[in-house]
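Read through the structure below, which is laid out as structure tokens, and then see the notes.
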Amino acid sequence: SRGINAEYGEFQTYQHYFIQINLRMDDCPAIEEVDDLDLIPDEELEETYMERIAGLKEMFPSPVRTGSSYLAGATKSSTLWLFHFVREAIWITTTSAIILALPLAIEVTQIQAADDMKKVRKEKLFEAKAA
């Protein structure tokens with residue numbers, strides 16, 4: 001019984017010592033670990049744009065990322081709404097113009113054609129009288 005408690009107490013002592021050492025090391029400047037990528041010269045490393053964008057995640061705090069994500073989503077939805085609104089407005093304007101103005105344009109064209117025919121008849125009638 002004493003051996004188990006002694007081992008457990010010993011374990012707690014080592015654990016406490018380990019925690020104290022780690023806390024002390026946290027106060028010291030961090031020693032950089034050498035990574036495999038650190039051994040490759042920067043000129044030889046090629047990053048894709050997606051890797052660079054993913055790397056920006058570490059650069060900006062969470063509220064900035066959340067806000068920019070919300071802004072991008074709002075911009076996208078606003079743009080889509082505006083596109084659909086303009087598309088419907090153009091459709092309504094075009095169909096209304098065709099329905100309202102086309103009959104008027106046809107009527108005006110017929111009146112002009114009738115006037116032109118009257119002028120031609122008068123010219124022929126005056127030419128016949130003059131001859």
Side-chain angles (χ1 to χ4, degrees):
S1 163
R2 176 152 165 57
I4 294 173
N5 286 339
E7 288 176 13
Y8 182 70
E10 228 173 88
F11 174 73
Q12 281 185 332
T13 304
Y14 287 129
Q15 186 179 15
H16 181 69
Y17 179 72
F18 179 74
I19 291 172
Q20 281 184 344
I21 289 176
N22 282 341
L23 289 176
R24 283 191 207 133
M25 288 180 71
D26 288 341
D27 295 337
C28 298
I31 299 172
E32 292 185 24
E33 294 181 13
V34 177
D35 194 6
D36 292 339
L37 293 176
D38 292 335
L39 300 175
I40 301 172
D42 291 339
E43 295 82 24
E44 294 179 16
L45 290 177
E46 293 183 20
E47 288 182 317
T48 63
Y49 287 111
M50 289 307 294
E51 289 173 339
R52 289 183 181 196
I53 290 171
L56 290 175
K57 183 178 179 182
E58 300 170 358
M59 190 174 191
F60 296 105
S62 180
V64 173
R65 292 192 313 259
T66 305
S68 61
S69 174
Y70 174 77
L71 181 64
T75 302
K76 179 184 173 188
S77 64
S78 299
T79 304
L80 287 175
W81 177 85
L82 183 64
F83 171 73
H84 290 293
F85 176 77
V86 169
R87 186 178 70 175
E88 288 181 21
I90 289 172
W91 171 252
I92 291 169
T93 305
T94 304
T95 55
S96 298
I98 289 172
I99 291 171
L100 297 174
L102 190 60
L104 181 63
I106 291 172
E107 191 66 31
V108 168
T109 305
Q110 287 178 347
I111 292 171
Q112 286 176 349
D115 287 343
D116 290 341
M117 287 175 67
K118 285 181 186 178
K119 285 181 185 177
V120 169
R121 279 189 201 151
K122 284 183 182 179
E123 287 175 4
K124 286 184 181 181
L125 186 62
F126 287 129
E127 286 176 7
K129 286 184 180 180

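Hydrogens, waters and symmetry mates play no part in the numbers below; they use all other heavy atoms, side chains included. Here the structure is a predicted model, which means the values were calculated and not measured.
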Spacing of [X] atom [atom1] and [Y] atom [atom2] [to the nearest 0.5 Å]:
X      : Y      : atom1 : atom2 : result
Glu107 : Leu102 : CD    : CG    : 11.5 Å
Lys118 : Asp116 : NZ    : CG    : 11.0 Å
Thr94  : Ile99  : OG1   : CD1   : 11.0 Å
Thr75  : Leu80  : OG1   : CG    : 11.0 Å
Thr109 : Leu104 : OG1   : CG    : 9.0 Å

Discussion item. Between Leu125 and Arg121, is there a side-chain heavy-atom distance shorter than 4.5 Å?
Written reply: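 In short, these two side chains do not touch, never coming nearer than 4.5 Å.
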Under a 4.5 Å side-chain heavy-atom rule over Ile, Leu, Val, Met, Phe, Trp and Tyr, are [X] and [Y] clustered together?
X     : Y      : answer
Leu71 : Val64  : no
Ile90 : Trp81  : yes
Ile98 : Ile106 : yes

Practice prompt. Mind listing the closest non-hydrogen atom pair of Thr95 and Ile92 along with its distance?
Written response: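 For Thr95 and Ile92, the tightest heavy-atom pair comes out as OG1-O, 3.2 Å.
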Worksheet item: Got a donor-acceptor contact below 3.5 angstrom from the Ser69 side chain to the Arg65 backbone?
Response: no
